[in-house]
S.K.: 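Please read through the structure below; I'll follow up with questions.
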Amino acid sequence: MKHKTYFKKDGLKKGIYIVPNSITAASLFCGFYAIISSMNLDFAAAASFIIIAMILDSLDGRIARITKTMSKFGSEFDSLSDLVAFGVAPAILAYNWALSSFGKVGWLVAFLYVACGALRLARFNVQIGQIESKYFKGLPIPGAAAVIATGIQLYLYLGGEGEFKHLFVLLLIFCLSLSMVSAIRYYSFKDLNYFAKKPLMSLVLIVFVMTVIVAEPQIMLFTFAFGYGLSGPVWWLMRLIKKPGHEVKEREEILNTNTK
């Protein structure tokens with residue numbers, strides 16, 4: 001009887017582990033299908049599947065934490081899936097959509113995006129538990145992919161057709177690549193104490209955001225994605241501007257204390 005109970009519990013535990021990894025596999029599938037769609041010049045489908053992969057990626061880790069099924073295997077599998085769904089897929093999509101017209105420079109910038117995405121994921125895995133979880137160091141790779149995917153959806157929504165051979169896209173992909181490997185901090189949205197303290201206001205905010213997105217999804221999704229991409233540099237500049245003033249204030253306080 002004891003052996004039967006053990007095997008039942010062991011089987012249940014293995015079944016629970018399958019759930020987050022299955023979601024990760026679904027995210028990987030979306031990334032792969034996005035690559036196939038972009039190769040077939042179906043940019044709308046490719047962008048949509050990258051966004052679906054983002055939703056799945058946000059679920060697998062949370063489900064693993066809730067069910068207490070976090071593992072080294074799951075973490076590594078998630079990183080490999082992210083590299084395909086948010087590194088390779090957006091790079092190929094951007095290349096087929098806009099960068100191919102720039103020749104060698106175009107595919108080099110696309111490769112730079114993939115390389116920086118891989119470095120970003122590797123750095124994140126190494127620094128887990130060593131840096132403050134409230135912030136990300138560098139733009140997260142799903143955030144960079146979101147700018148590309150939602151930007152293409154907005155382009156198609158505004159009446160654009162086919163490829164968009166413009167220098168702005170080349171510069172944008174280049175900036176996104178450097179942002180991922182930079183030391184600029186981005187808010188991680190993992191510290192939700194404020195929302196826990198004010199559940200009613202949080203609920204109103206969530207309903208408002210959902211209403212705005214549903215009203216104009218293509219416009220608002222790109223606005224949120226692009227705004228998050230800009231938030232890091234803007235925050236860094238604000239801190240840089242305020243820093244000299246804070247140093248002077250601290251010196252004055254030290255002098256006043258010594259005088260007293």
Side-chain angles (χ1 to χ4, degrees), residues 1-36 48-92 113-146 148-149 176-177 179-196 225 228 232:
M1 293 296 293
K2 290 183 179 180
H3 288 291
K4 289 182 179 179
T5 305
Y6 170 77
F7 284 120
K8 285 182 179 179
K9 287 183 178 180
D10 188 56
L12 178 61
K13 188 175 181 181
K14 288 181 179 179
I16 294 173
Y17 270 92
I18 290 173
V19 175
N21 289 325
S22 297
I23 297 174
T24 303
S27 176
L28 177 62
F29 170 80
C30 289
F32 179 77
Y33 192 81
I35 294 172
I36 299 299
S48 298
F49 272 91
I50 290 174
I51 293 174
I52 294 172
M54 291 177 57
I55 297 172
L56 294 171
D57 181 65
S58 67
L59 293 176
D60 58 2
R62 285 175 172 81
I63 291 175
R65 285 189 290 271
I66 292 171
T67 56
K68 296 181 180 180
T69 55
M70 297 179 66
S71 64
K72 184 67 175 175
F73 173 84
S75 177
E76 295 298 329
F77 185 32
D78 183 65
S79 293
L80 293 172
S81 174
D82 287 352
L83 181 59
V84 175
F86 310 127
V88 179
I92 293 178
Y113 177 89
V114 176
C116 290
L119 292 170
R120 171 70 178 79
L121 290 168
R123 183 176 66 180
F124 176 78
N125 291 339
V126 170
Q127 294 179 341
I128 290 177
Q130 300 179 8
I131 58 175
E132 191 177 359
S133 62
K134 188 177 179 181
Y135 305 101
F136 290 125
K137 186 176 181 181
L139 177 65
I141 188 171
I148 298 172
L176 289 174
S177 303
S179 296
M180 286 191 287
V181 293
S182 70
I184 296 174
R185 295 197 301 178
Y186 286 83
Y187 189 61
S188 67
F189 296 102
K190 292 182 179 180
D191 182 14
L192 301 177
N193 292 332
Y194 173 81
F195 298 100
Y228 183 72

S.K.: Are there more than 12 heavy atoms of other residues, nucleotides or ligands under 6.0 Å from atom CZ of Arg62?
M.R.: no
S.K.: Roughly how far, to the nearest 0.5 Å, is CG of Asp82 from CG of Asp60?
M.R.: 7.5 Å
S.K.: Identify the two heavy atoms, one from Ala89 and one from Ala34, that lie closest to each other, and give their separation to 0.1 Å.
M.R.: CB-CB, 4.1 Å
S.K.: Identify the residue among Ile50, Ile35, Ile141 that makes a side-chain contact (heavy atoms from CB on, under 4.5 Å) with Pro90.
M.R.: Ile50
S.K.: Does the pair Leu56 and Cys30 meet the rule for a side chain to side chain contact (heavy atoms under 4.5 Å, CB included), with working shown?
M.R.: CA-CA 9 Å; Leu56 294 171; Cys30 289; 4.0 Å; yes
S.K.: Taking the six-membered ring for Trp, are the ring centroids of Tyr228 and Tyr186 within less than 6.0 Å of each other?
M.R.: yes
S.K.: If you look at every heavy atom in Gly87 and Val114, which pair is closest and at what distance?
M.R.: O-CG2, 3.7 Å
S.K.: Under a 3.5 Å distance rule, please check whether Ser79 uses its side chain to pair with a backbone N or O of Ser75 as donor and acceptor.
M.R.: yes
S.K.: Counting N and O atoms only, with roles assigned by atom type, does the side chain of Ser81 sit under 3.5 Å from a partner on the main chain of Phe77, one being a donor and the other an acceptor?
M.R.: no
S.K.: Between Arg185 and Gly138 (side chain of the first, backbone of the second, donor and acceptor by atom type, cut-off under 3.5 Å), is there such a pair?
M.R.: no
S.K.: Is the shortest side-chain heavy-atom distance between Phe124 and Phe136 below 4.5 Å?
M.R.: yes
S.K.: Taking Arg123 for its side chain and Val181 for its backbone only, find out whether a donor-acceptor pair lies under 3.5 Å.
M.R.: yes
S.K.: Which distance, rounded to the nearest 0.5 Å, do you find between the CZ of Arg120 and the OG of Ser182?
M.R.: 8.5 Å
S.K.: How many angstroms lie between atom CG of Asp78 and atom CG of Leu83, to the nearest 0.5 angstrom?
M.R.: 11.5 Å
S.K.: Side chain to side chain contact (heavy atoms under 4.5 Å, CB included) between Asp57 and Phe86: does it pass, once the steps are laid out?
M.R.: CA-CA 10 Å; Asp57 181 65; Phe86 310 127; 3.8 Å; yes
S.K.: Taking it one step at a time, do Phe32 and Phe49 satisfy side chain to side chain contact (heavy atoms under 4.5 Å, CB included)?
M.R.: CA-CA 9 Å; Phe32 179 77; Phe49 272 91; over 6 Å; no
S.K.: Quick one: CD1 on Ile63 to OG1 on Thr24, what's the gap to the nearest 0.5 Å?
M.R.: 9.0 Å
S.K.: Could you give the distance from CG (Leu121) to CD (Glu76), rounded to the nearest 0.5 Å?
M.R.: 10.5 Å
S.K.: Please report the closest heavy-atom contact between Asn21 and Gly74, naming both atoms and the distance.
M.R.: OD1-CA, 3.6 Å
